[in-house]
Amino acid sequence: QVQLVESGGGLVQPGGSLRLSCAASGIIFSTYTMAWYRQAPGKQRDLVVFITGGGSTNYADSVKGRFTISRDNARNTVYLQMNSLKPEDTAVYYCYARNFPSTHWGQGTQVTVSS
């Protein structure tokens, strides 16, 4: 019933850009805080950024100034614009939705930054 479907991942060169999308269904989207997490092989899953229903945001220091989160409540979609990509950004990126006590995870999409 509840689905978070990520898209937009792929292979890019260092310094390049990529835009991820997460389409949600089965939730009242506008009431949820949405977030992007990422996980590299052998490492923990870390928060990249979140955006509340009211539009406030919080970015990890490693992506500040390079990544931008946005949401379109009319389309039940959250986006992650990634610019100036670095090899260290390589990871599986996961969409996350939370409205206490409910939480949901997407399947993940691979982002690889390599020359």
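Residue numbers start at 1 and run along the sequence shown. Hydrogens, waters and symmetry mates are skipped; everything else that's a heavy atom, side chains included, is used.
The side chain to side chain donor-acceptor pair (under 3.5 Å) contacts involving residues 60-75 comprise Arg38-Ser62, Asp61-Lys64, Arg66-Asp89, Arg71-Asn73, where partners must be two or more places apart or lie in separate chains. The list of side chain to side chain donor-acceptor pair (under 3.5 Å) pairs with a residue in residues 8-25, not counting sequence neighbours, reads Ser17-Asn83. Within the structure, every pair that satisfies the disulfide bond (SG atoms under 2.5 Å apart) test and touches residues 9-111, not counting sequence neighbours, is listed here: Cys22-Cys95. For the salt bridge (Lys or Arg N to Asp or Glu O under 4.0 Å) condition, no pair includes a residue of residues 43-53, sequence neighbours left out. Within the structure, salt bridge (Lys or Arg N to Asp or Glu O under 4.0 Å) contacts touching residues 95-111 (residues at least two apart or in different chains) do not occur.
Residue Gly8 comes nearest to Leu18 through the heavy atom pair O-CG, 3.4 Å, listed as atom of the first residue, atom of the second, then distance. Nearest heavy-atom pair, Tyr94 versus Gly108, reported as atom, atom and distance to 0.1 Å: CD2-CA, 3.6 Å. For the pair Pro14 and Ser115, the tightest heavy-atom approach, listed with the atom from each and the gap, is CD-N, 3.6 Å. Annotation for Ala40 and Ala91: closest pair N-CB, 3.9 Å, computed over non-hydrogen atoms.
A distance of 13.0 Å separates CZ in Phe100 from OG1 in Thr33, rounded to the nearest 0.5 Å.
Residue Leu11 qualifies as enclosed at atom CG: its count of foreign heavy atoms under 6.0 Å is above 12.
Take Gln107 and apply the side-chain contact (heavy atoms from CB on, under 4.5 Å) test, not counting sequence neighbours, and it matches Glu6. Asn58 pairs by the side-chain contact (heavy atoms from CB on, under 4.5 Å) definition with Phe50, not counting sequence neighbours. Partners of Val5 under the side-chain contact (heavy atoms from CB on, under 4.5 Å) rule, at least two apart in sequence or in another chain, are Gln3. Looking at residues two or more places apart in sequence or on another chain, you find no side chain to side chain donor-acceptor pair (under 3.5 Å) involving Thr57. Evaluation of the side chain to side chain donor-acceptor pair (under 3.5 Å) rule for Ser56 yields Thr52 as partners, not counting sequence neighbours. The side-chain contact (heavy atoms from CB on, under 4.5 Å) test applied to Val49 returns Trp36, Tyr59, Ile69, Leu80, not counting sequence neighbours. Residues satisfying the ring pair (Phe, Tyr, Trp, His ring centres under 6.0 Å) test with Tyr37, not counting sequence neighbours, are Tyr96, Trp105.
Counting heavy atoms from C-beta outward, Ile27 and Asn99 have side chains that stay 4.5 Å or more apart.
Under the 4.5 Å side-chain heavy-atom criterion for Ile, Leu, Val, Met, Phe, Trp and Tyr, Val111 and Tyr79 are members of distinct hydrophobic clusters. Put simply, Phe29 and Leu4 are part of the same group of oily side chains (I, L, V, M, F, W, Y) that touch within less than 4.5 Å, one to the next. Tyr93 and Val12 fall within the same hydrophobic cluster, defined by Ile, Leu, Val, Met, Phe, Trp and Tyr side-chain heavy atoms under 4.5 Å apart, directly or through other members.
Under the 3.5 Å distance criterion, the side-chain polar atoms of Thr112 are left unmatched by any main-chain donor or acceptor of Thr90.
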